[in-house]
Amino acid sequence: MENQMKTVCKDAPDVLDLDNSTLIGGGGVGDAYGEDAATEDQTFTPWTRVVASGLELLRDPRYNKGLAFCEEERARHYLQGLLPPVVMSQELQIQRILQNVRAYETDLERYVEVMDLQERNERLFYRVLIDHVEELLPIVYTPTVGEACQKYGNIFRRPHGLYISLKDRGHVLDCMRNWPEPNVQVIVVTDGERILGLGDLGLQGMGIPIGKLALYTALGGIRPSATLPVTIDVGTNNQDLLDNPFYIGLRQKRATGKEYDELLHEFMTACKQAYGEKVLVQFEDFANHNAFRLLAKYSTSHLVFNDDIQGTAAVALAGVLAALPLTGGTLADHKFLFVGAGEAGTGIAELIALEVSRQGNTSLDEARKAIYLVDSKGLVTKSRFDSLQEFKKPFAHDLKPNSELVAIIKEIKPTVLIGTTGKGGQFTQAVLEEISSYQEKPVVFALSNPTTQSECTAEQAYKYTKGKCIFASGSPFKPVTHEGKTYTIGQSNNCYIFPGMGLGCVISGAIRVHDDMFLAAAESLAQEIGEDHLEKRQLYPAFSEIRDISAHIGAAVAAKAYDLGLATKLPRPKDLLAYAKSCMYSPVYRPFR
Ligand SMILES: NC(=O)C1=CN([C@@H]2O[C@H](COP(=O)(O)OP(=O)(O)OC[C@H]3O[C@@H](n4cnc5c(N)ncnc54)[C@H](OP(=O)(O)O)[C@@H]3O)[C@@H](O)[C@H]2O)C=CC1
Ligand SMILES: CC(=O)C(=O)O
Ligand SMILES: [Mg+2]
């Protein structure tokens with residue numbers, strides 16, 4: 001039985017590791033409950049292990065099987081009379097759930113239904129999600145999760161995850177200790193300031209860490225009990241939310257400066273205190289003025305990465321690598337134009353430059369020369385150097401200022417156009433016509449999420465380039481038929497990367513995340529694309545294959561961690577892929593004794 005125990009008393013031992021029946025943080029050997037270690041003037045916690053039964057069992061989502069409890073289990077666990085007489089297989093339960101989900105009129109209703117299931121019967125939730133991932137990913141993830149975050153206060157039913165606010169300063173660790181799971185391995189944390197391309201949603205951004213971690217489990221096989229979604233509430237500058245009576249966060253403007261930094265630091269420190277050195281912390285949907293500096297600050301002391309900067313970089317690089325057989329040439333033969341020069345844009349730009357420099361044995365600066373950025377003020381040029389944010393400076397070119405995208409494309413003639421603006425519709429008809437006027441097979445990625453913020457739709461991309469482009473998007477689009485040929489739209493979304501990245505870190509016991517681990521993840525993902533995919537211009541594999549793909553990515557990431565001396569799980573398994581697969585959580589019902 002997984003234990004639910006936690007330290008609630010200052011004088012009691014710090015961390016219980018009941019799997020090993022040893023005490024970490026004080027006390028004698030085998031003194032798992034801290035009784036011997038406590039002196040007479042200290043209080044200690046009277047720990048008990050309880051076996052869930054009866055209604056408690058039915059109400060515990062980790063163990064509940066609903067109507068799937070068999071007769072013997074019902075008898076043994078005091079469930080008789082608490083359930084209707086029918087015993088239903090998990091397969092039939094899945095069919096019933098799907099029928100209900102499909103009957104709703106809106107995707108938001110489907111979201112509420114599916115997330116309710118997560119709160120009721122965790123294994124059934126993951127079984128349905130894994131077996132029907134292509135249908136349900138757009139519900140639990142982009143685009144629907146965006147709408148859910150916008151309306152989170154209104155659809156709020158039960159708390160899920162950890163809410164840490166400015167009010168908790170000085171006792172963040174206590175908040176973390178209130179979380180019932182002692183063996184957390186992956187934390188996804190946001191402060192809600194840049195939720196997808198929807199801006200500042202404050203505490204309502206919580207839907208994102210919850211959704212991302214559901215994918216860590218469903219796509220990457222991380223145990224649900226090892227995942228912890230966190231939202232740090234420092235207020236919001238979204239006036240509509242502040243005025244909304246149903247808003248669930250602090251009703252104040254965002255804290256900044258020292259106040260912000262101290263809370264974040266307390267949180268980062270508490271992560272390690274509560275879960276040890278090797279807990280993976282994924283920064284998610286922070287605004288870029290915090291994202292880059294938090295990543296720089298904590299990447300040398302913690303196992304952290306920023307999904308929007310680094311995860312996105314790996315998935316986009318994988319897509320470009322996969323497109324090379326169609327475009328011809330090598331990565332170094334391409335010229336890249338990024339429209340949107342923030343976390344996603346410059347993150348991808350840097351990883352592409354790193355890959356080019358590795359492949360060609362050239363310097364990073366040399367590789368960056370083929371990469372151009374456009375931000376809200378126009379082309380990133382040397383003339384703007386002094387006022388540019390640090391992360392844009394390496395890509396400033398000696399060109400004249402220009403804020404007109406078609407004119408910029410005319411001048412630079414990129415072969416790869418990548419949108420990461422968070423602003424829908426930037427790839428207009430004129431933009432798409434221009435890039436296809438000189439390029440036989442332009443690569444066009446519209447990466448902004450959710451669908452409403454996409455730089456163009458898949459249909460527009462194929463229509464305005466007259467079927468020439470090789471297109472991918474951040475949110476899902478249905479296949480497009482243009483002049484009799486049907487194109488499958490690959491979803492260039494970091495959800496292809498972070499589950500495998502997490503798996504790789506966990507199975508190797510990695511202590512730090514290194515850029516080479518993202519290169520390894522990108523190369524592994526690109527290898528999944530074969531001629532049959534390229535025939536349909538599909539740059540990413542089907543999500544139905546994703547668990548196997550995550551295992552491959554996990555093995556590649558772990559291998560890199562071992563090669564770099566960053567892995568602590570020794571000896572290194574001989575067959576990392578088999579090991580990765582063997583570690584993955586599977587949500588089949590377990591028989592209870
Ligand atoms: N597909 C995927 O996996 C991912 C997609 N994304 C999506 O990418 C988008 C951006 O995210 P992120 O990079 O973190 O956000 P940032 O805020 O860090 O960056 C946005 C960038 O877009 C620029 N911009 C805004 N409006 C325009 C415009 N009209 N023309 C040109 N540039 C413009 C901004 O300019 P300025 O610097 O001047 O403000 C900024 O450089 C979001 O929609 C997000 O959902 C993000 C991560 C992963
Ligand atoms: C996918 C993602 O992380 C984003 O849009 O922010
Ligand atoms: Mg994100």
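Whatever order the structure lists ligands and atoms in, that order sets their numbers, starting from 1. Every value quoted in this text rests on a predicted model; they were computed, and no experiment measured them.
The side chain of Asp285, and not its backbone, has at least one atom closer than 4.0 Å to an atom of ligand 2 (non-hydrogen atoms only; side chain from C-beta on). The part of Thr312 lying near ligand 1 is the side chain, judged by heavy-atom distances below 4.0 Å. For Asn494, every heavy-atom contact with ligand 2 shorter than 4.0 Å involves the side chain, none the backbone. Contacts of Ala287 with ligand 1, taken as heavy-atom pairs under 4.0 Å, are absent altogether.
Between Tyr372 and Phe336, the distance separating the two ring centers is not shorter than 6.0 angstrom.
Between Val315 and ligand 1, a contact under 3.5 Å exists for no N or O pair. Considering backbone and side-chain atoms together, Lys212 places an N or O closer than 3.5 Å to an N or O of ligand 2. Every N/O-N/O distance between Val339 and ligand 1 stays at or above 3.5 Å. For ligand 1, the polar-atom distance check against Gly345 finds no nitrogen or oxygen pair separated by under 3.5 Å. Looking at Asn493 next to ligand 2, no N or O pair under 3.5 Å apart turns up.
The distance from ligand 1 to the heavy atoms of Gly197 drops below 4.0 Å at these ligand atoms: 42 (C), 43 (O), 45 (O). In summary, the atoms of ligand 2 found under 4.0 Å from a heavy atom of Arg194, numbered by their order in the structure, are 6 (O). Here is the list of ligand 2 atoms found below 4.0 Å of a heavy atom in Tyr141: 1 (C). The contact set between ligand 1 and Gly422, taken as ligand atoms under 4.0 Å from a residue heavy atom, comprises 9 (C), 10 (C), 42 (C), 43 (O). Using a 4.0 Å cut-off to heavy atoms of Gly474, the atoms of ligand 1 that qualify are 1 (N). Near Asp308, the atoms of ligand 2 lying under 4.0 angstrom from a non-hydrogen atom of the residue are 2 (C), 3 (O), 4 (C), 6 (O).
Looking at atom 13 (O) of ligand 1, its nearest protein heavy atom turns out to be Ala344 N, 2.9 Å. Looking from atom 23 (C) of ligand 1 to the surrounding protein, the closest heavy atom is Gly340 CA, 3.8 Å. Among protein heavy atoms, atom 31 (C) of ligand 1 sits closest to Asp375 O, 3.3 Å. Scanning all protein heavy atoms for the shortest distance to atom 19 (O) of ligand 1 gives Gly342 CA, 3.3 Å. For atom 6 (N) of ligand 1, the closest non-hydrogen atom on the protein side is Leu447 O, 3.9 Å. Of the protein's heavy atoms, Ala341 N, 2.9 Å lies nearest to atom 41 (O) of ligand 1. In terms of protein heavy-atom proximity, atom 5 (O) of ligand 2 is nearest to Asn449 ND2, 2.8 Å. At the top of the distance list for atom 25 (C) of ligand 1, counting protein heavy atoms only, stands Thr421 O, 3.7 Å. At the top of the distance list for atom 3 (O) of ligand 1, counting protein heavy atoms only, stands Asn494 N, 2.9 Å.
Distances from the Mg ion (ligand 3) under 2.8 Å pick out these protein N/O/S atoms: Glu284 OE2, Asp285 OD1, Asp308 OD1.
Between Val279 and Gln185 there is no side-chain heavy-atom pair separated by less than 4.5 Å. The shortest side-chain heavy-atom distance between Leu321 and Leu331 falls under the 4.5 Å cut-off.
Counting only non-hydrogen atoms, the option in Lys423, Gln389, Lys392, Gln426 that gets closest to atom 37 (O) of ligand 1 is Lys392. Of all the listed residues (Ala313, Pro450, Ser376), Ser376 holds the heavy atom that lies closest to atom 24 (N) of ligand 1.
Of all heavy-atom pairs spanning Lys468 and Pro442, the tightest one is O-CD, 3.8 Å. Between Asp200 and Asn238, the shortest heavy-atom distance links the atoms O-ND2, 2.8 Å. The two atoms that bring Leu539 and Ile529 nearest to each other are O-CG1, 3.2 Å, heavy atoms only. Contact record, Arg512 with Ser299: CD-O, 3.4 Å, taken as the closest heavy-atom pair. Counting all heavy atoms, side chain and backbone alike, Thr190 lies closest to Pro209 at CG2-CG, 3.6 Å.
Using a 3.5 Å distance cut-off with no hydrogens or angles, the side chains of Tyr247 and Asp240 do not pair a donor with an acceptor. For the residue pair Lys463 / Gln460, no side-chain donor-acceptor distance below 3.5 Å is found, with atom types taken as modelled. In summary, the side chains of His533 and Tyr540 do not present any donor paired with an acceptor at a separation below 3.5 Å, with no hydrogens or angles considered.
Ring orientation note: the planes of Tyr298 and Phe283 are tilted relative to one another, at an angle of 30° to 60°.
Close to ligand 1: Arg194, with a non-hydrogen atom less than 4.0 angstrom away.
Listed by chain and residue number, Leu137, Leu219, Phe543 satisfy the side chain to side chain contact (heavy atoms under 4.5 Å, CB included) test with Val133 (two or more places apart in sequence, or in another chain). A search for side chain to side chain contact (heavy atoms under 4.5 Å, CB included) contacts involving Val112 returns Ile155, Arg157, not counting sequence neighbours.
Side-chain atoms of Glu404 come within 3.5 Å of backbone N or O of Ala407 as a donor-acceptor pair.
Applying the ring pair (Phe, Tyr, Trp, His ring centres under 6.0 Å) test to pairs two or more places apart or on separate chains, those with a residue in residues 197-219 are Tyr216-Phe498.
To the nearest 0.5 Å, atom CG of residue Leu324 and atom OG1 of residue Thr327 are 4.5 Å apart.
The cationic group of Lys212 does not satisfy the cation-pi geometry with Tyr141, failing either the under 6.0 Å distance to the six-membered ring centre or the 45° limit from the ring axis.
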Open item on the list: Go through it in stages, so that I can follow the logic: the residues are Leu417 and Phe445, the test is side-chain contact (heavy atoms from CB on, under 4.5 Å), and I'd like the CA-CA distance, side-chain angles, deciding distance and then a yes or no.
Closed with: CA-CA 6 Å; Leu417 178 67; Phe445 287 180; over 6 Å; no
